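This one's a predicted model, so the numbers in the text were calculated from it and none came from an experiment. The residues of the chain are indexed from 1 along the displayed sequence.
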Amino acid sequence: LRIFSLFEYYGVFHHHFIYSKNQGKIVAYTQLIQLAIKDPSLIAFISTLPANTYVIPIPWRSQHLKQRGFSTAYELAYTCTHIFSHLNMAAHHLKRIRKTQPQVQLNQHERQHAQSLSLYASDLSCQHILLIDDVCTTGSSLLEATRACYSAGAASVHAFTLMSAL
């Protein structure tokens, strides 16, 4: 799995991001995305992906959606597919099939195992996939999504996150 992240998890951008996400400030979050999407290193990464790459945001737990009113991963995926014409939104291909605890409540070891067999991907035969999530702390969500995509026949899987602690 090749993961591209724009920012380190700790820093100024992190504080603005967490505030906008936790306060349900979709306008502030969207503004952060608009700034990030213009980064030359992101543009270079996206340009290496094949035409008609499926963009799939990591599905959020329903409790997160109720609390915040929006999915940061979905908003980021949506923006990418509108900016980069060779990317196609395919959120419906990845579903959460098992409830998991919020990652923030788990230590690193628990996080690495909590996502196991929690996602299911529908037919992705011979498709190239770009998984999108807002933050990568241990990589467990992205690894589980990658497993599900390859099980559904994906040809390749890459990932993009705004921030990474890895």
Nearest-0.5 Å distance that lies between atom [atom1] in [X] and atom [atom2] in [Y]:
{"X": "Thr79", "Y": "Ile33", "atom1": "OG1", "atom2": "CD1", "result": "4.5 Å"}
{"X": "Glu144", "Y": "Cys149", "atom1": "CD", "atom2": "SG", "result": "10.0 Å"}
{"X": "Tyr54", "Y": "Leu87", "atom1": "OH", "atom2": "CG", "result": "12.5 Å"}
{"X": "Leu130", "Y": "Phe84", "atom1": "CG", "atom2": "CZ", "result": "10.0 Å"}
{"X": "Arg147", "Y": "Leu1", "atom1": "CZ", "atom2": "CG", "result": "13.5 Å"}
{"X": "His158", "Y": "Ile132", "atom1": "NE2", "atom2": "CD1", "result": "12.5 Å"}

Transitive ILVMFWY side-chain link [X] to [Y], under 4.5 Å:
{"X": "Tyr74", "Y": "Leu131", "result": "no"}
{"X": "Ile58", "Y": "Tyr78", "result": "no"}
{"X": "Met89", "Y": "Val157", "result": "no"}

Heavy-atom side-chain contact between [X] and [Y] under 4.5 Å:
{"X": "Phe160", "Y": "Val55", "result": "no"}
{"X": "Asp134", "Y": "Trp60", "result": "yes"}
{"X": "Cys136", "Y": "Ile3", "result": "yes"}
{"X": "Arg96", "Y": "Leu119", "result": "yes"}

task: Sort out for me which residue in Thr72, Leu76, Ile56, Leu142 forms a side-chain contact (heavy atoms from CB on, under 4.5 Å) with Asp133.
output: Leu142
Name the atoms and distances for all side-chain donor-acceptor pairs under 3.5 Å in residues 43-52, with sequence neighbours left out.
{"from": "Ser47", "atom 1": "OG", "to": "Ile43", "atom 2": "O", "distance (Å)": "3.4"}
{"from": "Ser47", "atom 1": "OG", "to": "Ala44", "atom 2": "O", "distance (Å)": "2.7"}
{"from": "Thr48", "atom 1": "OG1", "to": "Arg2", "atom 2": "NH2", "distance (Å)": "3.2"}
{"from": "Thr48", "atom 1": "OG1", "to": "Phe45", "atom 2": "O", "distance (Å)": "2.6"}
{"from": "Asn52", "atom 1": "OD1", "to": "Asn88", "atom 2": "ND2", "distance (Å)": "3.4"}

- request: For Gln34, look at atom CD and say whether over 12 heavy atoms of other residues, nucleotides or ligands are found less than 6.0 Å away.
  value: yes
message: I'd like to know if the side chain of His128 pairs up with that of Ser156 as donor and acceptor (distance under 3.5 Å, no hydrogens or angles considered).
response: yes
- prompt: Of the non-hydrogen atoms in Ala121 and Ala148, which two are nearest, and what is the gap between them?
  reply: CB-O, 3.4 Å
task: List the atom of Leu6, the atom of Ser41, and the distance in Å for their closest heavy-atom pair.
output: CD2-OG, 3.8 Å
